[in-house]
Amino acid sequence: MRKKVTKAIFPVAGMGTRFLPATKSVPKEIMTLVDRPLIQYAIDEARAAGIKEFIFVTSRGKGALEDYFDLAPQLEQELRKKGKTELLDILKSTNMDSGAIAYIRQHKALGLGHAVWCARRLVGNEPFAVILPDDVIAAEKPCLQQMVEAYQETGGNMVAAMEVAPERASSYGVLDISEENGQLVKVKGMVEKPPADQAPSNLAVIGRYILSPSVLQNLNKMKSGAGGEIQLTDAIALDIENHNNVYGYRFRGQRFDCGSKSGFLQATVSFGLAREELHDDLKAYLKSLMLDDA
Ligand code: G1P
């Protein structure tokens with residue numbers, strides 16, 4: 001029996017400059033899709049996949065994230081007094097068991113690989129997941145859960161993978177594939193943000209990973225790569241050289257790039273339409289816009 005994946009790292013140290021001025025005082029991960037912050041979607045997905053320990057790699061100015069997962073006794077008392085049990089239930093999804101959540105600071109913005117490395121002592125010697133909350137994935141079965149199930153069969157390292165338009169490949173980590181087997185692909189190489197004409201495929205890495213602790217060891221010796229940053233992609237690629245398997249998993253679901261304004265707006269519309277109480281109003285509004293455009 002393979003060791004269960006029970007720990008997940010959430011790299012949330014980024015400054016979110018693309019969303020200034022909002023992110024001047026609000027962490028990007030607290031920005032909301034409909035009424036739930038981005039980080040809530042990530043946590044729910046992790047929980048569905050069996051994650052029990054949540055490790056946040058944060059930075060200065062991210063205090064609102066810690067408050068978000070704390071109890072809010074005054075608010076809860078008020079709601080109880082007013083008999084608002086539905087709202088109390090909604091608040092429950094933000095509660096964490098004592099000791100289930102840990103925050104560690106990345107003191108310098110040296111890249112995603114470095115952020116993950118900052119959590120190495122909390123992860124220890126076991127497989128772990130990494131979730132990038134910017135990548136929001138709408139799926140019937142949550143993406144990380146799909147991957148954990150596939151990982152039970154494969155072991156090794158696994159990254160979520162999605163085809164992108166060839167001209168977009170240079171914005172992603174890109175997989176060099178040796179074998180295709182349905183949703184699983186075996187990976188023989190990985191490149192972070194390759195120049196447009198040098199991408200080995202158009203299968204891109206999306207922000208969900210299940211990694212073996214050897215990747216943390218690789219990160220010990222990692223030099224800066226693409227963009228002058230220490231790249232997680234490079235540390236995973238090094239594992240292939242060390243004869244550990246790496247798989248890409250073509251997940252079922254729709255991914256929104258909530259690190260970009262356009263992606264964030266698309267996600268807002270899509271998650272809005274998916275809510276029964278908002279669906280009709282929003283759809284009517286979108287239809288009226290289309291008529292205006294015609
Ligand atoms: C990160 C990873 C990249 C991956 C992408 C997915 O890049 O480094 O390999 O393809 O997330 O969203 P970033 O978008 O943070 O530059």
Side-chain angles (χ1 to χ4, degrees), residues 9-45 56-59 61-62 64-65 106 109-116 130-139 142-144 159-175 190-196 199 201-209 225-229 231-233 248 250-275 282 286 289 293:
I9 301 177
F10 300 83
V12 290
M15 286 198 287
T17 48
R18 274 196 263 179
F19 285 92
L20 279 171
T23 45
K24 186 179 170 203
S25 64
V26 180
K28 182 176 60 173
E29 299 76 17
I30 291 289
M31 292 182 21
T32 55
L33 289 178
V34 189
D35 50 13
R36 285 143 40 97
L38 283 186
I39 196 66
Q40 184 71 50
Y41 291 88
I43 291 287
D44 288 349
E45 187 178 329
F56 282 65
V57 182
T58 69
S59 61
K62 298 276 179 165
L65 269 173
Q106 182 188 26
L110 296 177
L112 177 60
H114 180 259
V116 168
V130 178
I131 295 190
L132 309 186
D134 271 3
D135 283 332
V136 175
I137 300 171
C143 179
L144 190 65
V159 300
M162 184 183 97
E163 312 244 316
V164 295
E167 66 276 14
R168 298 285 305 138
S170 55
S171 306
Y172 294 92
V174 180
L175 302 179
M190 292 170 74
V191 206
E192 181 67 15
K193 305 201 170 72
S201 74
N202 62 344
L203 201 56
V205 177
I206 298 303
R208 302 290 184 274
Y209 307 77
E229 297 190 335
Q231 296 293 352
L232 185 57
T233 299
R250 296 177 198 264
F251 57 93
R252 294 205 167 90
Q254 190 181 3
R255 173 256 186 178
F256 295 94
D257 174 11
C258 290
S260 79
K261 286 176 204 171
S262 163
F264 200 99
L265 288 170
Q266 287 169 34
T268 302
V269 172
S270 177
F271 281 85
L273 284 173
R275 293 276 282 266
L282 186 54
L286 292 172
L289 288 183
D293 248 14

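All values reported here derive from a predicted model rather than from experimental measurement. Position 1 is the first residue of the sequence; numbering continues from there. All values below were derived from every heavy atom in this structure, side-chain atoms included, with hydrogens, water molecules and symmetry-related copies excluded.
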Nearest 0.5 Å please: distance from the OH atom of Tyr41 over to the CZ atom of Arg36. 4.5 Å

With side chain to side chain contact (heavy atoms under 4.5 Å, CB included) as the criterion, how do Leu175 and Val205 come out once you've worked through the C-alpha distance, each side chain's angles and the decisive distance to 0.1 Å? CA-CA 7 Å; Leu175 302 179; Val205 177; 3.8 Å; yes

CZ of Arg18: more than 12 outside heavy atoms within 6.0 angstrom? no

Roughly how far, to the nearest 0.5 Å, is CG of Leu65 from CD1 of Ile30? 4.5 Å

Taking Glu163's backbone N and O only, do any of them form a donor-acceptor pair with Asn202's side chain (distance below 3.5 Å, no angle check)? no

Between Ala22 and Met31, which heavy-atom pair has the shortest distance, and what is it? CB-SD, 4.4 Å

Could you tell me if the side chain of Ile43 sits less than 4.5 Å from the side chain of Phe10, heavy atoms only? yes

For the residue pair Leu33 and Ala267, what are the closest heavy atoms and their distance? CD2-CB, 3.7 Å

Please confirm whether the backbone N or O of Leu112 pairs with a side-chain atom of Gln106, one donor and one acceptor, at under 3.5 Å? no

Could you walk me through whether Thr233 and Val191 pass the side chain to side chain contact (heavy atoms under 4.5 Å, CB included) check? CA-CA 7 Å; Thr233 299; Val191 206; 5.9 Å; no

How close do Ala226 and Gln231 get, counting heavy atoms only, and between which atoms? O-NE2, 2.9 Å

Any donor-acceptor pair under 3.5 Å linking the side chain of Lys62 with the backbone of Val12? yes

State, with a plain yes or no, whether a side-chain heavy atom of Ile9 is found less than 4.5 Å away from one of Tyr209. no

Could you tell me which non-hydrogen atom of Pro11 sits nearest to which non-hydrogen atom of Ala115, and how far apart they are? CB-CB, 4.3 Å

To the nearest 0.5 Å, atom CG of Leu20 lies from atom OG of Ser25 at 10.0 Å

Can you check whether Tyr172 reaches Ile206 side chain to side chain, under 4.5 Å on heavy atoms? yes

Please find the pair of heavy atoms, one from Ala138 and one from Phe256, that lie closest to each other, and give the distance. CB-CE1, 4.2 Å

Return yes if some donor-acceptor pair links the side-chain N/O of Arg208 with the main-chain N/O of Leu132 below 3.5 Å, else return no. yes

Ser170 side chain vs Ala196 backbone, donor-acceptor pair below 3.5 Å: no

Give, for atom OG of Ser171 and atom CD of Glu192, the distance between the pair rounded to the nearest 0.5 Å. 10.0 Å

If you measure from CG on Leu38 to CG on Asp135, what distance do you get to the nearest 0.5 Å? 10.5 Å

Please find the pair of heavy atoms, one from Val174 and one from Ala169, that lie closest to each other, and give the distance. CG2-O, 3.4 Å

How about Asp134 and Lys28: do any of their side-chain heavy atoms sit closer than 4.5 Å? yes

